[in-house]
Every structure is written in C-alpha cells, then in structure tokens.
Amino acid sequence: MEGKDLLSMALAARKLAYTPYSGFQVGAALLCEDETVYTGCNIENAAFGPSNCAERTAFFKAVSEGRRSFLAIAIAGGPSGKEPEDFCPPCGVCRQVMMEFCDPETFKIYLGKADGEIREYRLKELLPLGFSGKGVERKE
Ligand code: THU
C-alpha cells in the first residue's frame, strides 16, 4: 500500500465528515501492520468539546477492533464544498494519540492534496521530544 492509495482512501472518507460547526472536512486512512486500513472523518458536536478529529476516529476504530500496530496514516482536509487545496497537518492531540501506538522513528504521516501532491513525514518530525509514557507505570 503506497501513500497515493492511502490518500485516495482519506479523500473518500472525508466525504463522510460531519462538520456543521466548522465547515472544515478532514479524512484519514490508517494502515495497520497486517495491511488492513481503517478510515476516519471528523465528527463535530454542538457542544464543540466532544468533536473528534478524522485521525482519532481512524485510530479508535482500529484499536477497538483489535489493531495495535500501525505503519502509516494519510490525511487530507479543507473547507467543505471543494477538494482540499492545501495540506492539513494533524492537531497536537492526534499527534499524541499516534505517539501512544506508533514508533515515532518509523510511523509515516502522509499529508495530501486533491491534486495528488503528497508530503511524507515521520512522527518524530511532527512531534519532537514526544511523551511516550516511558516511566509511567503500566497496569496491564
Ligand atoms: N480536524 C481534524 O479532523 N483533523 C486535523 O488534523 C485538524 C482538524 C478537524 C477538527 C474540526 O472538526 C475541524 O477539523 C476544524 O478544526
């Protein structure tokens, strides 16, 4: 699975975004180590706080179905009514969720636009000195 394939899946997932409060629609496609792909879109809420980003939707779908190992995510976002013309980098909260489950040295983040342009990053570049929970006692 290449970045361009993941980007097409992110662009398709973006069509399902529920964004009445921002009109900013994001799609994500998360590639698991076993080659399954989980997609996600952002889902907003009238109370604002409960809104969920596309990336976390994809991660939480995958983890809730037993996936724990991830290779890459593609993200595409922009104002509704047109295809994404700019790159949409993940928010800080989503970067931290990636940090929980992914190796920052190897996990790839593809930012894509509708014209097919892709930029590829590693998690460590987008979250330098990220908090991995090392030293936090694990109960299980
Ligand atoms: N959003 C995402 O879904 N992912 C990102 O990477 C950035 C922001 C959503 C949150 C909110 O629904 C809308 O985009 C505007 O911030």
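All values below come from the heavy atoms of this structure, side chains included, with hydrogens, waters and symmetry mates left out. The residues of the chain are indexed from 1 along the displayed sequence.
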For the student: nearest non-hydrogen atoms of [X] and [Y], plus distance:
X	Y	value
Gly77	Cys88	N-CB, 3.6 Å
Ala114	Glu83	CB-CB, 3.3 Å
Arg56	Cys91	NH2-SG, 4.4 Å
Gly130	Met99	O-CE, 3.6 Å

I would like to know whether Glu100 and Arg68 meet salt bridge (Lys or Arg N to Asp or Glu O under 4.0 Å); could you show each step before the answer?
-> CA-CA 10 Å; Glu100 183 70 26; Arg68 293 281 176 91; over 6 Å; no
Under 4.5 Å between side-chain heavy atoms, hopping through other hydrophobics if needed: is there a path connecting [X] to [Y]?
X	Y	value
Leu16	Leu6	no
Leu111	Val26	yes
Leu71	Ile109	no
Ile75	Val93	no

Going by atom types alone, do Tyr18 and Gln25 pair a side-chain donor with an acceptor below 3.5 Å?
-> no
Side chains of Asn45 and Ser51: do they bring a donor and an acceptor to under 3.5 Å?
->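 Absent: no donor and acceptor within the cut-off.
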Tell me if a side-chain donor or acceptor on [X] pairs with a main-chain N or O of [Y] at a distance below 3.5 Å.
X	Y	result
Arg14	Ala28	no
Glu44	Tyr21	yes
Ser80	Phe24	no
Thr57	Cys53	yes
Glu105	Lys124	no

About how many Å separate [atom2] of [Y] and [atom1] of [X], when rounded to the nearest 0.5 Å?
X	Y	atom1	atom2	answer
Lys4	Glu117	NZ	CD	16.0 Å
Phe107	Ile73	CZ	CD1	5.5 Å
Tyr110	Leu7	OH	CG	11.0 Å
Leu11	Lys113	CG	NZ	12.0 Å
Met9	Leu30	CE	CG	10.5 Å
Thr19	Ile43	OG1	CD1	11.0 Å

Ion pair present between [X] and [Y], side-chain N to carboxylate O less than 4.0 angstrom?
X	Y	result
Lys139	Glu137	yes
Arg95	Glu125	no
Asp34	Arg67	yes

Heavy atoms from other residues, nucleotides or ligands near CD of Glu65 exceed 12 (cutoff 6.0 Å) | yes
Parallel, tilted or perpendicular: ring planes of Phe59 versus Phe70, cut at 30 and 60 degrees =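 Perpendicular.
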Arg122 and Pro104, any side-chain heavy atoms less than 4.5 Å apart |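 SC-SC contact between Pro104 and Arg122 ruled out.
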